[in-house]
Amino acid sequence: MKKIYVIATLLFAFLSSAFGQATDKSDKTRTALLKLTDQIPTAKSHKDVAQLERLLTDEFMLTNPAGFVANKSEYLDGVKADSATYESVSNSDQVVSIYDNAAVVTGSTVVKGRFEGHDIGGNFRFTNVFIRRSDSWQCAAMHLTRIAQQ
């Protein structure tokens, strides 16, 4: 009877440790993905094309609020040519879902900015799809939708 108790105790301790490590890794992954999600609009607003090159996969696709679709090179060309000024871009209400080597981050973002004297700010919802390759995450797709004012 003692042998079964010892085995059960050891098994419980092992499983507790294994689940604890999975939670730690999952929390670290969530934190990393949220950081990446914040870095993308910051890099865009600062026209930091070099950082965007690192953050986006070569297969990256953007669908913007107007329904326009751009691949990575088109998106980066747009960032380089962008003459808008951004006062702030802030994300909130983010939800992270992780699937092996892929992850989805959804949330809201508030943009304050101007283009040729016109306000281009607003409230948006976003969906970002991330891919993990060689232990690093990159954004493979981004979809933005403007939240209609009521």
Side-chain angles (χ1 to χ4, degrees), residues 11-150:
L11 182 60
F12 177 76
F14 172 76
L15 291 175
S16 296
S17 172
F19 284 122
Q21 290 173 0
T23 301
D24 290 346
K25 185 176 181 182
S26 179
D27 289 344
K28 288 179 185 177
T29 300
R30 288 180 195 288
T31 300
L33 289 164
L34 291 172
K35 182 178 177 183
L36 286 171
T37 299
D38 288 340
Q39 288 175 333
I40 293 169
T42 300
K44 181 190 181 300
S45 66
H46 291 100
K47 296 184 180 185
D48 189 345
V49 174
Q51 181 164 357
L52 288 169
E53 283 276 358
R54 289 187 299 275
L55 297 174
L56 308 176
T57 66
D58 289 340
E59 307 85 5
F60 173 80
M61 295 298 291
L62 165 75
T63 304
N64 76 8
F68 179 76
V69 176
N71 63 29
K72 183 177 181 177
S73 66
E74 293 166 333
Y75 176 71
L76 294 176
D77 288 346
V79 169
K80 292 173 195 171
D82 190 1
S83 60
T85 55
Y86 299 93
E87 182 181 323
S88 66
V89 179
S90 60
N91 295 329
S92 63
D93 303 323
Q94 298 171 88
V95 176
V96 179
S97 301
I98 303 167
Y99 311 93
D100 295 324
N101 291 323
V104 177
V105 179
T106 59
S108 300
T109 190
V110 177
V111 176
K112 293 182 181 177
R114 302 192 72 69
F115 176 72
E116 296 181 356
H118 300 286
D119 181 15
I120 58 168
N123 298 318
F124 300 85
R125 296 257 187 240
F126 67 85
T127 301
N128 291 350
V129 177
F130 291 92
I131 304 295
R132 180 174 48 206
R133 293 181 178 150
S134 303
D135 291 329
S136 67
W137 291 93
Q138 290 181 299
C139 187
M142 183 185 313
H143 185 247
L144 297 165
T145 301
R146 183 179 290 274
I147 300 171
Q149 291 183 347
Q150 297 183 13

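Only a predicted model underlies this, so the values are computations on that prediction, with no experimental measurement involved. All values below were derived from every heavy atom in this structure, side-chain atoms included, with hydrogens, water molecules and symmetry-related copies excluded.
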With side chains defined as the heavy atoms from C-beta onward, is the minimum distance between [X] and [Y] less than 4.5 Å?
X	Y	answer
L33	T29	yes
S90	V110	yes
N128	M142	yes

With a 3.5 Å cut-off and sequence neighbours excluded, list the donor-acceptor pairs that the side chains of residues 60-79 form with protein atoms.
from: N64; atom 1: OD1; to: A66; atom 2: N; distance (Å): 2.9
from: N64; atom 1: OD1; to: G67; atom 2: N; distance (Å): 3.1
from: N64; atom 1: OD1; to: F68; atom 2: N; distance (Å): 2.9
from: N71; atom 1: OD1; to: S73; atom 2: N; distance (Å): 3.2
from: N71; atom 1: OD1; to: S73; atom 2: OG; distance (Å): 3.1
from: N71; atom 1: OD1; to: E74; atom 2: N; distance (Å): 2.9
from: K72; atom 1: NZ; to: E53; atom 2: O; distance (Å): 3.0
from: K72; atom 1: NZ; to: E53; atom 2: OE1; distance (Å): 3.4
from: K72; atom 1: NZ; to: L56; atom 2: O; distance (Å): 3.0
from: K72; atom 1: NZ; to: D58; atom 2: OD1; distance (Å): 3.4
from: E74; atom 1: OE1; to: N71; atom 2: N; distance (Å): 2.9

Discussion item. Once ring pair (Phe, Tyr, Trp, His ring centres under 6.0 Å) is applied, what residue pairs with a partner in residues 123-149 remain, sequence neighbours excluded?
Written reply: none

Worksheet entry | Residue pairs involving residues 29-50 (criterion ring pair (Phe, Tyr, Trp, His ring centres under 6.0 Å); sequence neighbours excluded) | none

Practice prompt. Return yes if some donor-acceptor pair links the side-chain N/O of K47 with the main-chain N/O of D82 below 3.5 Å, else return no.
Written response: yes

Worksheet item: If you measure from CG on L34 to CG on N91, what distance do you get to the nearest 0.5 Å?
Response: 9.0 Å

Discussion item. Please report the interatomic distance OG1(T42) to CD(Q39), rounded to the nearest 0.5 Å.
Written reply: 7.5 Å

Pairs of donor and acceptor atoms involving the side chains of residues 111-121, under 3.5 Å and at least two apart or interchain, shall be tabulated with distances.
from: R114; atom 1: NH2; to: G117; atom 2: O; distance (Å): 2.5
from: D119; atom 1: OD1; to: G121; atom 2: N; distance (Å): 2.9

Worksheet item: If every non-hydrogen atom of A140 is compared with every non-hydrogen atom of T57, which pair is closest and at what distance?
Response: CA-OG1, 3.4 Å

Fill in: Given L55, I40, L36, L52, the one that forms side chain to side chain contact (heavy atoms under 4.5 Å, CB included) with C139
I40

Worksheet entry | Pairs flagged by salt bridge (charged side-chain N to carboxylate O under 4.0 Å, His left out) wherever residues 133-143 is involved - sequence neighbours left out | E59-R133

Using atom types as modelled, flag every donor-acceptor pair under 3.5 Å from a side chain in residues 93-108 to any protein atom, sequence neighbours excluded.
from: N101; atom 1: OD1; to: R132; atom 2: NE; distance (Å): 3.0
from: N101; atom 1: OD1; to: R132; atom 2: NH2; distance (Å): 3.1
from: S108; atom 1: OG; to: R125; atom 2: NH1; distance (Å): 2.3

